[in-house]
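Keep in mind that this is a model prediction, so the values were computed, not measured.
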Amino acid sequence: MPALLPVASRLLLLPRALLSMASGNPPSQPSPAPSSGYVPGSVSAAFVTCPNEKVAKEIARAVVEKRLAACVNLIPQITSIYEWKGKIEEDSEVLMMIKTRSSMVPALTDFVRSVHPYEVAEVIALPVEQGNAPYLHWVHQVTESVSDSSTVLP
């Protein structure tokens, strides 16, 4: 029964969220999880496909160096099947799994689009609702802007 409490509490908030949307007011931001201080959805996992490992490593290193991401995992040898210009295509690609602040996703997307070799680069992001609190806090710390980081980073 305790596992149902988070679901039930979210369902109780649903009418308030719907009323907010109907009134034109945006819903309020989620509050931090009581034990961790993490705000659900404030970190995102973004996914980008690349034609090969060389391109993926170059983009991964650049987004980490620019602090657009805390970490990038490269998953080699995925197969993508998709429709492009009226034809079904199948390609071997490398998948990048990028962890960043949700607020950084637009800047991350702009950067990836500026350096990616594809005509239409795949950049999609999903919010992280839960996870290891120290890791999620680390993602926040690493991706802080330079002006915000003087008190956090050595």
Item to check | Side chain Asn52, main chain Lys54, donor-acceptor under 3.5 Å | outcome: yes
Checklist entry - Can you name the nearest heavy-atom pair linking Gln141 to Arg67, along with the distance? => result O-NH2, 4.0 Å
Checklist outcome for this item: Residues Leu68 and Ala107: closest non-hydrogen pair is CD2-CB, 3.9 Å
Next on the checklist: Could you see if Val72 belongs to whatever hydrophobic cluster contains Phe111? Use Ile, Leu, Val, Met, Phe, Trp, Tyr and a side-chain cutoff under 4.5 Å.
Outcome noted: yes
Checklist outcome for this item: Closest non-hydrogen contact found for Cys50 with His116 is SG-NE2, 3.8 Å
Next on the checklist: Restricting to non-hydrogen atoms, name the atom on Trp138 and the atom on Ala70 that form the minimum distance, rounded to 0.1 Å.
Outcome noted: CH2-O, 3.3 Å
Checklist outcome for this item: Heavy-atom closest pair (Val112 atom, Val123 atom, distance to 0.1 Å) is CG1-CG2, 3.6 Å
Checklist entry - Atom CD1 in Ile98, atom CD1 in Ile124: separation rounded to 0.5 Å? => result 10.5 Å
Checklist entry - Cluster question for you: counting only ILVMFWY and a side-chain heavy-atom cut-off of under 4.5 Å, with indirect links fine, are Leu108 and Val115 together? => result yes
Next on the checklist: Looking only at the side chains, is there a donor atom on one of Tyr82 and Glu122 sitting less than 3.5 Å from an acceptor on the other?
Outcome noted: no
Checklist entry - Are any of the side-chain heavy atoms of Phe47 and Met96 separated by less than 4.5 Å? => result no
Checklist outcome for this item: CG of Asn132 to NE2 of His137, rounded to nearest 0.5 Å, is 9.5 Å
Checklist entry - Looking only at heavy atoms, which two atoms of Gly41 and Ser102 are closest? And how far apart? => result O-OG, 2.5 Å
Checklist entry - Between the main-chain N or O of Gly131 and the side-chain N or O of Tyr38, is there a donor-acceptor pair closer than 3.5 Å? => result no
Checklist entry - If you group Ile, Leu, Val, Met, Phe, Trp and Tyr by side-chain heavy-atom gaps below 4.5 Å, do Met104 and Leu136 land in one group? => result no
Checklist entry - So with a 6.0 Å cut-off around CD of Glu89, is the heavy-atom count from everything else above 12? => result yes
Next on the checklist: With a 4.5 Å cut-off on side-chain heavy-atom distances among I, L, V, M, F, W and Y, is there a chain of contacts connecting Val43 to Tyr135?
Outcome noted: yes
Checklist entry - Taking atom CD of Glu58 as the centre, does the number of heavy atoms from other residues, nucleotides or ligands within less than 6.0 Å exceed 12? => result yes
Checklist entry - Is Val63 linked to Val55 within one hydrophobic cluster, defined over Ile, Leu, Val, Met, Phe, Trp and Tyr using a side-chain heavy-atom separation of less than 4.5 Å? => result yes
Checklist entry - Looking at CG of Leu95 and CD1 of Ile78, how far apart are the two atoms once the value is rounded to the nearest 0.5 Å? => result 4.5 Å
